[in-house]
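Model, not experiment: these values are computed from the prediction. Whatever order the structure lists ligands and atoms in, that order sets their numbers, starting from 1.
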Amino acid sequence: MSETATSPKLEKVIIIGSGPAGLTAAIYSSRARLNPFMIEGEEAGGQLMITTDVENYPGFEHGVTGPELIAVMRKQAERFGTRFLTRNVTKVDLSVRPFKVNVGNQEFLAETIIVSTGASAKWLGLPSEKQYYNRGVSACATCDGAFFKEAEVVVVGGGDTAMEEANFLTRFASKVHVIHRSENFKASKIMLERAQKNPKISFMMHTAVEEIIGDGKSVIGLKLKDTRNNEIREMKVQGIFVAIGHQPNTKMFGGQLTTDEAGYIKTKPGTTYTNVDGVFAAGDVQDPHYRQAISAAGTGCMAAIDAERWLESLGE
Ligand code: NDP
């Protein structure tokens, strides 16, 4: 169901973003009779829409694809009355209540807002990266590591994410090479040392990935460049994990919601409360640490309950 409202109508709850956090918030808030309105974005569903197999989402014994998981959650939210608008929010004004949410020249008013706009993995920007995405190229070891049993893989990056991904991948892979473009690490000492001590991990410094080589079906190797002398060489690998950081999708809230220095929305510990009363944040947009579909869904549930109780406290 789509909605094309023309005059501002006061909504109890507007949910911005439609990954597992937003959809879980929608299920809970529609069951709480808050009649939520979800502005799901033109690329609805978030990162799960570009994930093939999800084997760690509880309740799916034999796994589920990311798009299927999103489709089921969306139907569940719709069954309880959630209304959807498949457009991108262009502007929000959180300075006064009711809050204003703009989609182009359409304006919506909301008593509460649940922000679940997610985060996006940063990519190297190589055409081959897109071509072999999910066929040897990944940005999530927790999601895809188990598909690389006894394989030789690389992790690109020099931050904590890269160290964590490399360590995790040694549970499956026979060998993990960390490829970093310089010799200075952003990773914390403890994480770096843990990776350096792991006998399955080796480090290739001053190295950049020039191209991902595939056989048409999956990744078979990489073209690498030495960043000091531009020398090119090739290496055989079956997998490449890009771990050069994530970008929370918080641009539209700039100056209104408090974020950390990386742009993640700050929430009051143990809750989904943001610095603005009546605005709640759930999922990856406020989570630089776990970034899992199930933890996003969990915080989506929390946001719906927080919003419901907050409205109740106002006598709504
Ligand atoms: P960071 O920004 O810390 O590190 C990104 C790394 O990727 C840097 O080494 C950077 O290299 C490299 N990089 C960036 N762009 C490119 C590119 N285009 N090509 C090649 N390399 C590139 O991001 P992280 O995701 O690692 O960490 C983000 C935050 O999350 C940090 O605060 C971190 O501490 C935290 N975190 C904590 C964890 C934990 O405590 N368990 C686990 C994971 C993350 P360069 O240095 O040259 O710029």
Report task. Enumerate the atoms of ligand 1 whose separation from the nearest heavy atom of G245 is less than 4.0 angstrom. Result -> 23 (O), 25 (O)
Report summary line: If we number the atoms of ligand 1 from 1 as shown, the ones under 4.0 Å from a heavy atom of L124 are 19 (N)
Report summary line: of all protein heavy atoms, closest to atom 27 (O) of ligand 1 is T161 OG1, 3.6 Å
Query - ligand 1 contacted by M163 (non-hydrogen, < 4.0 Å) - result: no
Requested in this report: Say whether H246, considering both its backbone and side-chain N or O atoms, lies within less than 3.5 Å of an N or O atom on ligand 1.
Outcome: no
**Report entry** Distance-only N or O hit between ligand 1 and W123, under 3.5 Å
**Finding:** no
**Report entry** Those residues that, when tested against D226, pass salt bridge (charged side-chain N to carboxylate O under 4.0 Å, His left out) (two or more places apart)
**Finding:** R228
Requested in this report: Could you walk me through whether L257 and T250 pass the side chain to side chain contact (heavy atoms under 4.5 Å, CB included) test, one step at a time?
Outcome: CA-CA 9 Å; L257 293 180; T250 48; over 6 Å; no
Report task. Assess whether atom NZ of K223 is packed by more than 12 heavy atoms of other residues, nucleotides or ligands within 6.0 Å. Result -> no
Requested in this report: Give the ring-plane orientation class for F185 versus F203, where under 30° counts as parallel, over 60° as perpendicular and anything between as tilted.
Outcome: perpendicular
Report task. Test salt bridge (charged side-chain N to carboxylate O under 4.0 Å, His left out) on K225 and E231 and set out the steps. Result -> CA-CA 6 Å; K225 186 172 87 176; E231 250 173 43; over 6 Å; no
Query raised in the report: If you measure from each non-hydrogen atom of K122 to ligand 1, which part falls under 4.0 Å: side chain, backbone, both or neither?
Result: neither
**Report entry** Nearest atoms (heavy-atom pairs only) where G45 meets I70
**Finding:** O-CD1, 3.5 Å
Query - Nearest-neighbour protein heavy atom for atom 34 (O) of ligand 1, which is reported as residue plus atom name and distance - result: D160 OD2, 2.6 Å
Query raised in the report: Which residue holds the protein heavy atom closest to atom 4 (O) of ligand 1, what is that atom called, and what is the gap in Å?
Result: G159 CA, 3.7 Å
Query raised in the report: Got an N/O contact under 3.5 Å between G158 and ligand 1?
Result: yes
Query raised in the report: For E164, is at least one N or O under 3.5 Å away from an N or O on ligand 1?
Result: yes
Query raised in the report: Does atom 31 (C) of ligand 1 have a protein heavy-atom neighbour under 4.0 Å away?
Result: no
Query - Taking atom 46 (O) of ligand 1 as the reference point, the nearest protein heavy atom with its distance - result: K186 NZ, 3.3 Å
Report summary line: In this structure, atom 21 (N) of ligand 1 is nearest to the protein heavy atom I244 CG2, 3.5 Å
Report task. Examine the side chains of N102 and T90 and answer whether a donor and an acceptor come within less than 3.5 Å of each other. Result -> no
**Report entry** Atom CD1 of I232: over 12 foreign heavy atoms under 6.0 Å
**Finding:** yes
Requested in this report: Using distance alone, decide if ligand 1 has a nitrogen or oxygen within less than 3.5 Å of any nitrogen or oxygen in R181.
Outcome: yes
Query raised in the report: Any N or O of S182 that comes nearer than 3.5 Å to an N or O of ligand 1?
Result: no
Query raised in the report: Name the one of R291, H246, Q47 that satisfies side chain to side chain donor-acceptor pair (under 3.5 Å) with D284?
Result: Q47
Query raised in the report: Please, which pairs that meet salt bridge (charged side-chain N to carboxylate O under 4.0 Å, His left out) have at least one residue in residues 22-41, sequence neighbours excluded?
Result: E40-R74
